[in-house]
Amino acid sequence: KTRLKWNYASSVKTKGELEILGKMQTKRQGELPKFLLEVQPTQMYFSDSLWNVARSNIVVDTSSIAISNFSLYKDAKKIEIDGTVSEDKDDYLVISVENYDLQEVSTLINNSKVRLSGPLHGTIRIKNMYALPLIFADVQSEAISFNDNVLGSLRIRSFWENKSKAMVAHASIKNGETDILSLDGAYTPETDSLSSDVTLTNLKLSTFGEIFYGTVNDISGSVSGACTVNGKISDLSYSGELTAKDGAIKVAYTNVPYTFSGKLKARNSRFSFSDFTLTDYMSNTATIHGFVDLKVIANPHYVIGIQSPKLIVMNTTAKDNDYFYGTIYYAGSARITGDLIETNISCNGKTLNNTAVSIPVTYSELSGQYDFLLFSADTTTVHNYQKTTSTSGLSLDLTIDVTPDALAQIIFDPKVGDIIKACGIGNLQVKMDPSGDLKMYGKYEIYEGDYLFTLKNLINKKLVIQ
C-alpha cells in the first residue's frame with residue numbers, strides 16, 4: 001500500500017491524496033516482475049474545485065505503463081485516461097474530456113489578465129511518448145470566452161502527416177455563421193518550427209481590453225485580416241495585414257476618449273502602422289505611427305508616435321487626480337513606449353485656445369509656505385513641485401510651451417475661492433516616475449489675471465494682476 005500526498009502552496013487550493021494498492025506478478029522464473037496497481041476511490045482539490053477519483057488499474061513493467069479507466073469527475077464534468085505508454089509506436093494514451101471548464105486552466109496560468117472559460121469536450125490521443133510525442137486531437141467548446149468576452153464556438157483538430165513529418169492542426173472560433181478566427185498550420189518537431197495561416201474576421205478589440213487595462217481602457221471596435229506565422233517557436237516571424245474598424249479607446253491617465261482606424265502591417269516580429277488616424281471627441285485629429293513587437297510574446301513591446309496640429313490630450317477633474325487636472329488642447333508630438341508592465345509617455349508641444357488647468361496647493365495653516373512657487377515682478381517660477389500618487393507603472397515626461405490662450409489656476413483654498421487665475425507664457429516640465437513621484441518646474445510669465453486673496457475670516461479681496 002502506498003499513499004501519495006500533495007499540497008501546493010498558492011492562492012488556489014490544489015491538494016489531494018491517492019491510496020494505491022499493489023502487488024508484483026511474475027509468470028515465469030527469471031522474468032522481470034510486473035507491478036499491478038489499483039488506485040482507490042478518493043477526492044482531490046484541483047484549482048479550488050473538489051474532484052472525485054474513481055477506482056482504476058495501472059500495470060507497470062520494464063518498458064510500458066498501461067492505464068485502465070483512470071477517471072476524475074465532478075457533477076457533469078469528467079476526465080478519463082486510458083491506454084499505454086511504451087516504446088511501441090503503435091501504443092497510445094487517450095485523454096477524454098467532457099464538460100471540462102477551461103476556467104480551471106486559467107487558474108493555473110496565474111495571470112489575472114488572461115482568463116479562459118467555457119466547457120470543453122473531446123479526445124486527445126498521444127503516441128510515441130518515449131521519443132517524439134505525436135498528438136491527435138479533436139476537441140470543441142460550444143461557448144468559449146476570453147477575459148469574460150464570449151467569442152463563440154471552438155473546434156481544434158490535429159493529426160500527424162507522415163509525408164511532411166509534421167503535426168498538422170486546424171482551429172477555428174465561429175460566432176454565428178462567421179469564423180472570427182481561423183488557423184491552419186503545421187508544427188515540425190525535427191526543426192522545432194511552425195508554419196501557419198491565421199485569418200481574423202471582425203474579431204472584437206474588446207477581447208484584449210483587460211490586457212492593456214490601466215494604459216488604455218474602454219477598447220472597442222473590430223479587426224479583420226490575414227497573417228502568416230512562420231519560424232522557430234522561439235523566433236516567430238509574421239507577415240500580413242490587419243485592418244482596425246470603428247476602433248475606440250480611452251487613455252487611462254489623461255481620461256480622453258479617442259476613435260481610430262487604419263491598417264497594421266506585419267513583418268518579422270512587428271505589427272507596424274503608419275496611416276492610423278486618431279480623433280478626439282471634438283473631431284480634432286492626429287496621425288499615428290509605430291509598432292507592436294511580439295518578439296517576447298508574453299510581454300509585447302510597443303512604440304507609438306503621435307503628431308497633431310490640434311488635439312485634446314487631457315480632460316481630467318479633481319476626482320481623477322487632485323494635484324494637476326483640467327483640459328489641455330495641444331499642438332505637438334508625443335511618444336509612447338512600454339510593455340504590459342510599464343508605460344512611458346513623453347510629449348513636446350504647446351497649449352492652444354480653450355486650455356484650462358488647475359494646480360491645487362491647498363493649505364490649512366496660516367503659516368503655510370510654498371517654496372516651490374517663487375514670485376517676482378513679472379514671473380512665477382514653479383520650482384520642483386513634488387507630490388506622490390499611484391500610477392501603476394506609468395512614467396511621464398512632458399515639456400509644454402504655455403501660450404496666452406491657456407488659463408492656469410493655482411488653487412490655495414478651493415473652499416473660500418483663494419485662487420490665482422492667470423494667462424501668460426512660459427515653459428513647464430512635468431515629470432513622473434512609475435512610483436507616482438510627480439515633479440513640475442519651469443517659469444511662467446503672467447500677462448493678466450486675478451487673485452482672490454483670503455486670510456482666515458479676516459480678509460477677502462479680489463486683486464487684479466497686470
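- Inspection of the T343 and Y302 side chains reveals an N or O donor paired with an N or O acceptor under 3.5 Å.
- Residues T207 and N149 bring no donor and acceptor atom of their side chains to less than 3.5 Å of each other.
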Passes side-chain contact (heavy atoms from CB on, under 4.5 Å), T277 versus I288? Steps please. CA-CA 6 Å; T277 299; I288 308 176; over 6 Å; no
Kindly indicate, with the supporting measurements, whether the criterion salt bridge (Lys or Arg N to Asp or Glu O under 4.0 Å) is fulfilled by D433 and K439. CA-CA 9 Å; D433 63 26; K439 295 180 180 179; over 6 Å; no
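- Taking 4.5 Å as the limit, some side-chain heavy atom of I306 sits within range of a side-chain heavy atom of I336.
- Inter-residue side-chain proximity for T201 and T199 is flagged as met; some heavy-atom pair is nearer than 4.5 Å.
- Environment of NZ in K350: sparse, with no more than 12 heavy atoms of neighbouring residues, nucleotides or ligands closer than 6.0 Å.
- No hydrogens or angles considered: nothing links the side chains of Y92 and N128 as a donor-acceptor pair under 3.5 Å.
- Judged by distance alone, with hydrogens and angles left aside, the side-chain atoms of D101 form no donor-acceptor pair with the main-chain N or O of P119 at under 3.5 Å.
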With a cut-off of 3.5 Å and sequence neighbours excluded, list every side-chain donor-acceptor pair involving residues 396-410.
| residue | atom | partner | partner atom | Å |
| --- | --- | --- | --- | --- |
| D397 | OD1 | K431 | NZ | 2.9 |
| D397 | OD2 | K431 | NZ | 3.2 |
| D401 | OD1 | N427 | ND2 | 2.7 |
| T403 | OG1 | T351 | O | 3.0 |
| T403 | OG1 | T351 | OG1 | 3.0 |
| Q409 | NE2 | S358 | OG | 3.0 |

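- Closest of all the heavy-atom pairs between H170 and D184 is ND1-OD1, 2.7 Å.
- At distances below 3.5 Å, not a single donor-acceptor pair connects side-chain atoms of Y100 with backbone N or O atoms of K77.
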Candidate pair N284 and S308, rule side-chain contact (heavy atoms from CB on, under 4.5 Å), full reasoning: CA-CA 8 Å; N284 304 303; S308 176; 5.7 Å; no
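- Interatomic distance, S172 OG to L154 CG, rounded to the nearest 0.5 Å: 7.0 Å.
- Note that CD of E104 is 11.5 Å distant from CG of L120, once rounded to the nearest 0.5 Å.
- Cation-pi geometry between K78 and Y73 is not met at under 6.0 angstrom from the ring centre and within 45 degrees of the axis.
- Between L205 and I219, the closest side-chain pair of non-hydrogen atoms falls below 4.5 Å.
- Put simply, the side chain of D88 gets close to the backbone of D90: a donor and an acceptor are under 3.5 Å apart.
- Of all the heavy atoms in V53 and F70, the pair that sits closest is CG1-CE1, 4.2 Å.
- Two residues are said to be in side-chain contact when any heavy atoms from C-beta on lie closer than 4.5 Å; D320 and Y325 fail this criterion.
- Side-chain atoms of K263 and T243 include a donor-acceptor pair closer than 3.5 Å.
- Judged by distance alone, the side chain of T259 and the main-chain N or O of G247 form no donor-acceptor pair under 3.5 Å.
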Could you give me the CA-CA distance, side-chain angles and deciding distance for F159 and M167, then say whether side-chain contact (heavy atoms from CB on, under 4.5 Å) is met? CA-CA 6 Å; F159 60 91; M167 182 64 61; 5.6 Å; no
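- Every residue was checked against the side-chain contact (heavy atoms from CB on, under 4.5 Å) condition with S274, not counting sequence neighbours, and none meets it.
- Between D148 and R115 there is a salt bridge, with a side-chain nitrogen of the basic residue lying less than 4.0 Å from a carboxylate oxygen of the acidic one.
- At least one side-chain heavy atom of L264 sits less than 4.5 Å from a side-chain heavy atom of F276.
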Report the C-alpha distance between S86 and D91 in whole Å, list the side-chain angles of each, state the deciding distance to 0.1 Å, and finish with yes or no for side chain to side chain donor-acceptor pair (under 3.5 Å). CA-CA 7 Å; S86 74; D91 286 338; 2.5 Å; yes
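- Residues P133 and I126 come closest through the heavy atom pair CB-CG2, 4.4 Å.
- The two atoms that bring T285 and P309 nearest to each other are O-CD, 4.1 Å, heavy atoms only.
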Hey, mind stepping through K174 and D179 against salt bridge (Lys or Arg N to Asp or Glu O under 4.0 Å) and telling me if it holds? CA-CA 4 Å; K174 184 183 289 290; D179 283 338; 3.1 Å; yes
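- The nearest pair of heavy atoms linking L236 to G231 is CD2-O, 3.6 Å.
- Of the N and O atoms on the side chains of H301 and D293, not one donor lies less than 3.5 Å from an acceptor on the other residue.
- Inspection of the T327 and N315 side chains reveals an N or O donor paired with an N or O acceptor under 3.5 Å.
- Y329 contributes atom OH, which lies 3.5 Å from atom CD1 of I312 (distance to the nearest 0.5 angstrom).
- Taking 4.5 Å as the limit, every side-chain heavy atom of F273 sits out of range of all side-chain heavy atoms of L242.
- Taken from CG in N7 to OH in Y45, the straight-line distance is 11.5 Å, to the nearest 0.5 Å.
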As a quick check of understanding, evaluate salt bridge (Lys or Arg N to Asp or Glu O under 4.0 Å) for D138 and R155, giving each step before the final call. CA-CA 7 Å; D138 189 353; R155 180 76 183 272; 3.0 Å; yes
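- Among all heavy-atom pairs drawn from L194 and I233, the shortest one is CB-CD1, 3.9 Å.
- Side-chain polar atoms of E142 and H121 form a donor-acceptor pair below 3.5 angstrom.
- Judged by distance alone, the side chain of S224 and the main-chain N or O of N202 form a donor-acceptor pair under 3.5 Å.
- Put simply, the side chain of F208 does not reach to within 4.5 Å of the side chain of S206, judged on heavy atoms.
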Does the side-chain contact (heavy atoms from CB on, under 4.5 Å) test come out yes or no for L72 and M44, once each step is laid out? CA-CA 9 Å; L72 302 172; M44 58 181 286; 3.9 Å; yes
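- Atom CD of E241 and atom SG of C227 lie 11.0 Å apart (nearest 0.5 Å).
- Distance NZ/K310 to OG/S283: 10.5 Å, rounded to 0.5 Å.
- Residues K204 and S222 are not in side-chain contact: their nearest non-hydrogen atoms beyond the backbone lie 4.5 Å or more apart.
- Ring centroid separation for the pair F271 and Y238 comes in under the 6.0 Å cut-off.
- No donor-acceptor contact under 3.5 angstrom links the side chains of K165 and T188, judged on distance only.
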